[in-house]
**Q** 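Take a look at the following structure, please.
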Amino acid sequence: MKPSPSGILTAFEHILESIEQEHRPQSNGVIKKTLSESQVQSVLNIQRVFDEEECKAEPGSSETLALSEKFIEDLNSVQVRSTALQQLVTLLGRSHIRGLLLAVENISAGRFEQQLPSVPYEVDEDDGLALKIVRIVKTERDEQLGATIRVEEGKVKIARIMAGGPAERCGCIEPGDRLLQINGVSVTGLPNDRIASLLNEAENGVITLHLSPSMSDLNSISKDSVTHIRATFDYTASQDLRHPCPEAALSFNKGDILQLTVTSDIYWWQAKLLGKGAFAHESTKRAMKSGLIPSERMQSSQMSGAGSNERAGIHRGTSKNSNGFQELDSYEHVCKMAPRPGLVRPIVLIGPPGVGRNELKRRLMMLFPERFSTTIPHTSRAPRPGEVNGLDYHFVSRQQMELMIERKEMLEFGEYRGNLYGTCLSSVRACREIGTPLLCPHPLALAHLRTPEFAPFIVFVEPPDAVSFKETRSASVRGVKTAPSFTNSQIQQIIETGAQLRSAYAPLFDAIVVNRTLDESLSELIQLFHKFDTQPTWVPLCWATRWDGH
Ligand SMILES: Nc1ncnc2c1ncn2[C@@H]1O[C@H](COP(=O)(O)OP(=O)(O)OP(=O)(O)O)[C@@H](O)[C@H]1O
C-alpha cells in the first residue's frame with residue numbers, strides 16, 4: 001500500500017494557497033507577484049511527487065531532492081519573499097527534511113525491502129557476539145557520514161557523531177561502537193586516513209557498516225528483554241565496600257525476585273524487591289523505592305575473583321555443579337508463567353531426611369488420588385513373592401540399570417544390600433501422563449529435574465524448631481503406636497541438615513512449608529497447590545520461552 005505523507009501534502013496545500021492569494025489583485029488593483037510561473041511549477045512538481053501513485057526515480061538518484069534543489073536555486077534569485085516561502089526554503093534545506101523526502105520517495109517507489117547482508121562468521125569473540133549491521137543512505141553523493149573515529153588498542157571505535165549528519169539521522173550508531181567493516185571491507189589494521197575515506201565513499205549513496213555495539217547499547221537491549229531477576233546470593237549492602245552510595249542501596253537474600261527499574265549503568269542497577277518464591281509480587285500497601293544493586297556484570301566479575309566475597313558481603317552457596325543450578329550465574333532471569341492446558345508441572349518436595357516429606361506425599365495421594373501420580377522405581381533385585389513388575393518396581397538386570405545410569409537416564413539412584421535402586425526420567429514422563437507427578441527426590445536430582453522440559457514446582461519442607469519438632473512427633477500426639485520417636489540428637493541433625501539445604505538451594509524454592517503438625521502442613525500445601533493451579537508463577541525465562549512455543 002502506498003504510504004500517505006498527508007502532513008507534507010497539507011503543508012504544500014497551505015503554501016500553494018498562500019502563493020495563490022499573493023497572485024490575486026489587491027484592493028488597489030496591484031498584483032504583488034513573488035514567484036515566477038516556473039517557480040510555482042516547481043512547487044507543484046514537488047507536491048506531485050508525493051501525490052503520485054508511483055515514483056519512477058532510479059535507486060541512488062532522487063527526483064524529489066533534485067526538484068527541491070532546483071526550487072531553492074530558482075528562489076534565490078527572487079528579491080521579495082513571503083514568510084511562507086522563506087519557511088519552505090529553510091525546511092527544504094534541513095537535513096532531516098531532506099532525509100524525509102528521500103524516505104517518502106523510496107517508500108513510494110517500493111524500494112524498502114530489507115537488503116542487509118548476512119552476519120559474517122568471523123565475529124571477534126572478544127567483543128561478544130552482538131553485532132549490528134547498519135545501512136545508511138546518503139542524501140547527497142558527496143555528503144560526509146558525520147562520524148569521527150578513534151583507535152583504541154588496535155580497535156577502531158566511533159568517537160563522535162556529528163549533529164544533523166547521516167550517522168545521527170539513522171539513529172543506529174553510538175559513540176563507543178566498534179567499527180568492524182565498511183561496505184564489506186574489514187577496517188582492522190587499516191591506516192586512519194584509509195578508514196576515513198572508506199567512510200565517506202558510498203556505493204550508489206549507500207554505505208553499510210558492521211559494528212559491535214557499545215556497552216550502553218547492550219545494556220539497553222538487556223533492559224528491554226530482562227525485567228525481573230532472581231538472586232542466587234545473599235547481598236548485604238552495608239558490608240559491600242564497593243558500593244558507591246550505601247544510603248541508596250538495596251539488600252536482598254538468595255531467591256528474592258527483583259524488578260529491574262534502571263539498567264543503563266554497567267556496574268550498578270536499580271531494582272525493587274518483590275519478595276521470595278513463585279508468587280512474589282509488588283507490595284500494594286506502600287510504594288516501594290528502587291535501590292542500587294550490583295549489576296550482573298559487576299557481580300559475575302566479583303564471583304570469579306575468589307576470596308573477596310565474604311568481605312564484599314556476598315555469600316555464595318555450594319559449588320555450581322552440585323546443586324542443580326549450573327545455568328545460574330549471579331542472577332537468574334525470570335518471568336511469570338501462567339498455568340496452561342497441556343503443561344503438567346511436577347510438584348517436588350525437598351527437605352532433610354526425617355522431616356516428613358514422604359508422610360505428606362502419602363497423605364496427599366490418598367486425599368487426591370485423581371490429581372497426583374508418582375513414579376515407579378527401577379531395581380536390579382529379584383521380585384519378592386507378591387510383587388508385580390511395573391506396579392511395585394520395574395525389575396531389570398544390573399547391566400540394564402548400569403547402562404541407564406551411564407546414559408544419564410536416571411533422576412537418582414543408589415545401592416542397598418548389593419542391589420541398585422533408582423528412578424528414571426522416563427518414569428517421570430510416564431507418570432505425567434496420568435496426573436501431576438508428586439516427587440520426593442534427593443536434592444541432587446534437581447540438576448536433572450529443574451529443566452524447561454519438566455518445569456517443576458519445588459516446595460521446601462522445613463523442620464520446625466526443636467521444641468515444636470519434639471512436641472508434634474511424640475507418639476501420644478500422633479496416636480500411632482509404631483511411630484519412631486526422635487532422639488534430641490536426631491532432631492538436631494534434621495534441623496541442621498535443613499539449614500544447610502536451605503542455604504544451598506534457596507534460590508530454587510518456589511515455596512517453603514514448615515512441617516509442624518500434619519494437619520497444618522497439609523492444609524497449607526492444599527492452599528498452595530490451589531494457587532499454583534490458578535495463578536502465574538515466577539519461572540526461569542527459558543522455561544516460558546519453551547512453553548510459549550508449544
Ligand atoms: N508433621 C508431622 N507430625 C508428626 N509426625 C510426622 C510429621 N511428619 C512426619 N512425621 C513422621 O515422621 C517420620 C518421618 O517422616 P517421613 O518418613 O515422611 O520423612 P522423610 O522426610 O520422608 O524422610 P525419609 O526420606 O528419611 O523417609 C514418619 O514416621 C512420619 O509419620
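Side chains included, hydrogens not; waters and symmetry mates left out as well; all remaining heavy atoms used. All ligand and atom numbering here is 1-based and tracks the order in the structure.
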**Q** Is the contact between F469 and ligand 1 made by the side chain, the backbone, both, or neither, using heavy atoms and a 4.0 Å cut-off?
**A** neither

**Q** Give the atom numbers and elements of ligand 1 that come within less than 4.0 Å of a heavy atom of F486.
**A** 12 (O), 13 (C)

**Q** The test is side-chain hydrogen bond (donor to acceptor under 3.5 Å, both in side chains); show your working for T517 and E520 and say whether it passes.
**A** CA-CA 5 Å; T517 70; E520 275 174 318; 3.1 Å; yes

**Q** Give a yes/no on ligand 1: does R362 have at least one heavy atom closer than 4.0 angstrom to it?
**A** no

**Q** Below a 4.0 angstrom heavy-atom separation, can you tell me which part of P352, side chain or backbone, both or neither, approaches ligand 1?
**A** backbone

**Q** Examine S521 against ligand 1 and note whether any of their N/O atoms are separated by less than 3.5 Å.
**A** no

**Q** Can you find an N or O of G356 that's nearer than 3.5 Å to an N or O of ligand 1?
**A** yes

**Q** State if G354 counts as touching ligand 1 under the rule of any non-hydrogen atom under 4.0 Å.
**A** yes

**Q** Which ligand 1 atoms, with their elements, are less than 4.0 angstrom from a heavy-atom of L518?
**A** 1 (N), 2 (C), 3 (N), 7 (C), 8 (N)

**Q** Taking both backbone and side-chain atoms of L360, is any N or O found less than 3.5 Å from an N or O belonging to ligand 1?
**A** no

**Q** Which of these, R363, K361, E359, E520, has its nearest heavy atom closest to atom 31 (O) of ligand 1?
**A** E359

**Q** Please classify the T517 to ligand 1 contact at 4.0 Å (heavy-atom distances, strictly less than): side chain, backbone, both or neither.
**A** backbone

**Q** Say whether, by atom type as modelled, one donor and one acceptor occur between the side chain of E433 and the main chain of A430 under 3.5 angstrom.
**A** no

**Q** Hey, would you say the F233 and Y331 ring centroids sit under 6.0 Å apart?
**A** yes

**Q** Would you confirm whether the ring centroid of F372 sits within less than 6.0 angstrom of the ring centroid of F529?
**A** yes

**Q** In plain terms, say whether K132 and D177 are close enough for a salt bridge, that is, a side-chain N and a carboxylate O under 4.0 Å apart.
**A** yes

**Q** In terms of side-chain geometry, is the basic nitrogen of R381 or E387 positioned less than 4.0 Å from the acidic oxygen of its partner?
**A** yes

**Q** Within a strict 4.5 Å, meaning less than it, do heavy atoms of the Y393 and Y421 side chains meet?
**A** yes

**Q** So if I count the atoms of ligand 1 from 1 in the order they appear, which ones are less than 4.0 Å from some heavy atom of R516?
**A** 1 (N), 2 (C), 3 (N)

**Q** Between T375 and S427, is any side-chain donor less than 3.5 angstrom from a side-chain acceptor?
**A** no

